[in-house]
2 protein chains.
Amino acid sequence: MLVVPNTGTGRDGGVRPDRRTSMSSSLKCFQALELLASPPYELSVTDIAVELSLPVASAHRVMTTLCVAGAAEQHGKTKWYRLTGRTLWIGTGYLRRSVVYRTAFVILQEMAHKCYALGLNQALAYLATMDNDQVLYLHSVGNPTALSLSANTGERRPLHSTGLGKALLAFQPREVRDRVLARKMTTSGPRTITTEMALREELSLIRHRGYAIDDEENVQGTRCVAAPILDQTGDAVAALSVSAPAGSFGDALMEASSLIVREAALRVSVQIGYRSQTSHIHV
Amino acid sequence: MLVVPNTGTGRDGGVRPDRRTSMSSSLKCFQALELLASPPYELSVTDIAVELSLPVASAHRVMTTLCVAGAAEQHGKTKWYRLTGRTLWIGTGYLRRSVVYRTAFVILQEMAHKCYALGLNQALAYLATMDNDQVLYLHSVGNPTALSLSANTGERRPLHSTGLGKALLAFQPREVRDRVLARKMTTSGPRTITTEMALREELSLIRHRGYAIDDEENVQGTRCVAAPILDQTGDAVAALSVSAPAGSFGDALMEASSLIVREAALRVSVQIGYRSQTSHIHV
DNA sequence: GAATTGTTTTCCGCAATGCGGAAACGGGCT
DNA sequence: AGCCCGTTTCCGCATTGCGGAAAACAATTC
């Protein structure tokens, strides 16, 4: 339906667009799945057809396929489609594969409790990694309703505007840093850093003190402390953080929780192979 | 490759297998994804070709498609394929959609801590639902290494051999119960209930006391208490549980934690619309 | 360095498979 | 009933996926 230049039927030897590299029909499947993974999570064939700009008949076939594959199902009397548990199994394969996730799972919980013990009972603890030059949230502990904007497993945020992102970025190989720093930076909170120079300085500061601070840079009214998880080469493969409402997260508490977060991150780092003398971090 | 009866080419009017209903090429994609979601999590084209009994060339095209779709990627110098973060996002859509999950998230953590306070520091707390006549684990809190066999998010277990499963099954509509009870029951622990009659009795007991007990039925050396989460109709839509090594989980502790688990489950039930007078549960 | 083995990737003709307009079905409404 | 709106099935057309075979690439061995 899109105006494809010229699809090979031309007997005058027109340029064939280099198809034959991938199966386009399957791409539609994933577009549909991605739709179902976001609100309102349940859609009718027609909805899907509209969203993907497909003829209803085609959308219907796509959805039938997804049902046969066991990735989607039709719910009850309204014939709407939604994701199945099988999709959850496949998606969480990403987590099961991750050594960092398996290692940090318990430590993240302990970290959260130590923060509660400090009096930070609104705190939310996160484990995140870098994927596709973004922060990818892997796991969280705490009360998500306490923060105005909390992140779910699988969600993404920009690297430059979150504590987790800055902690990750500061300990990336230079090439990665340069690539990310070269991009446009969007504003998301009252104090988001948006210039390359300011961010470079911030990253250098983070490298020196070993952890990152987010003071309403990502979300209005939320402060956060984050520390990187390093591998044997000294590069960050993930990060841990604690966020809380700015009102209940004063400088003294930030200071105190930074110790907790750094200690937790270091513990994970060591367990995945990091040896302390390789790097700048000293707890 | 599979011996397909007869694929329509026969000019003598052979029976066409009713294709045209779904897109078979996409099914291969999901088979491949499912492979990548289980150990060893990283596979070469040839591995995938072997596992799916496909020609290498075809397997290669399937994987290229998955890469284009953003669901898989090739890792480093070894050209092996693995899942991407986008897959995690799609899969966790199942969780974000779930009201029970969102509601129980915090309560599950509180429940776990109350159990720790009892002295059960090896305890693992679970939230699970029923999907495809199986227990589907949604979330867990605690130290997974403490139990000999712990369940990850997205994992499945039979209904009849787990505390969670029995709690779910006991509060299903009769038709569902009958359907499940009619099936063969596998043994997985030293005391698994495997006869229909025994299970019926057990379920009736569970309905009366309002929660389920698993005494090494699922895993040798593990005991567990589970309570159902009920909706407005009084049917179970999910369940909460606490498991711990049998040695540290005596009858007195089981008794005490049953109160905690039931209270937590009731709290979730009420929040999702359950009204206490509709059912048999009394905390 | 050249030869060898084990991969992954590209090529390309064949026909199976997906496409989508249009028509049939279904089931909630006045 | 009769209408309306969304879902599902039909079916000829040509696009798209198929897979054997050969070419690129990579990692060892002689």
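Chain naming here is simple, since letters A, B, ... match the order of the sequence lines and numbering starts at 1 in each. As a basis for the values below, the full set of heavy atoms in this structure was taken, side chains included, without hydrogen atoms, waters or symmetry mates.
Remark: side-chain polar atoms of B:Arg207 are not paired, donor with acceptor, to backbone N or O of B:Phe171 under 3.5 angstrom.
Distances were taken from every side-chain heavy atom of A:His60 (C-beta onward) to each of D:dG19, D:dT8, C:dG21; the shortest belongs to D:dT8. In this structure, the nucleotide among C:dT9, D:dT8, D:dT9 sitting nearest to the side chain of A:Ala57 is D:dT9. Residue B:Val45 places its side chain closer to C:dT9 than to any other of D:dG20, D:dT8, C:dT9. If you check C:dT9, D:dT8, C:dG21 against the side chain of B:Tyr81, the one that comes closest is C:dT9.
For A:Arg96 and A:Thr92, the side-chain atoms include at least one donor-acceptor pair closer than 3.5 Å. Residues B:Ser204 and B:Arg200 bring no donor and acceptor atom of their side chains to less than 3.5 Å of each other.
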- Message: Does B:Tyr274 form a side-chain contact (heavy atoms from CB on, under 4.5 Å) with B:Leu266? I'd like the steps, not just the answer.
- Response: CA-CA 9 Å; B:Tyr274 168 77; B:Leu266 181 62; 3.7 Å; yes
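Whole-Å rounding puts the A:Leu52 CG to C:dG20 P distance at 12 Å. Rounded to an integer number of Å, the gap from CG of B:Leu27 to C1' of D:dG17 is 14 Å. Spacing between atom CG of A:Leu54 and atom P of C:dG21 amounts to 11 Å, rounded to whole angstrom units. Spacing between atom CH2 of B:Trp80 and atom C1' of D:dA26 amounts to 14 Å, rounded to whole angstrom units. Between the P atom of D:dG17 and the NZ atom of A:Lys28 lies a distance of 8 Å, rounded to the nearest Å.
One finds a side-chain N or O of A:Ser58 lying less than 4.0 angstrom from the OP1 or OP2 phosphate oxygen of C:dG20. Between C:dT9 and B:Gln74, a contact under 4.0 Å exists linking OP1 or OP2 to a side-chain N or O. Side-chain nitrogen and oxygen atoms of B:Lys79 include none within less than 4.0 Å of the OP1 or OP2 phosphate oxygen of C:dT7. Taking only side-chain nitrogens and oxygens, B:Ser25 comes nearer than 4.0 Å to OP1 or OP2 of C:dG18.
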- Bracket string, DNA chain C, 5' to 3' - pairs by Watson-Crick or G-U geometry under 3.5 Å, | interstrand: |||||||||||||||.||||||||||||.|
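With sequence neighbours excluded, no residue forms a ring pair (Phe, Tyr, Trp, His ring centres under 6.0 Å) with B:Tyr41.
Ring to ring, B:Tyr81 and B:His75 are not that close: their centroids are 6.0 angstrom or more apart.
Note on residues 167-177 of chain A: no pairs pass salt bridge (Lys or Arg N to Asp or Glu O under 4.0 Å), not counting sequence neighbours.
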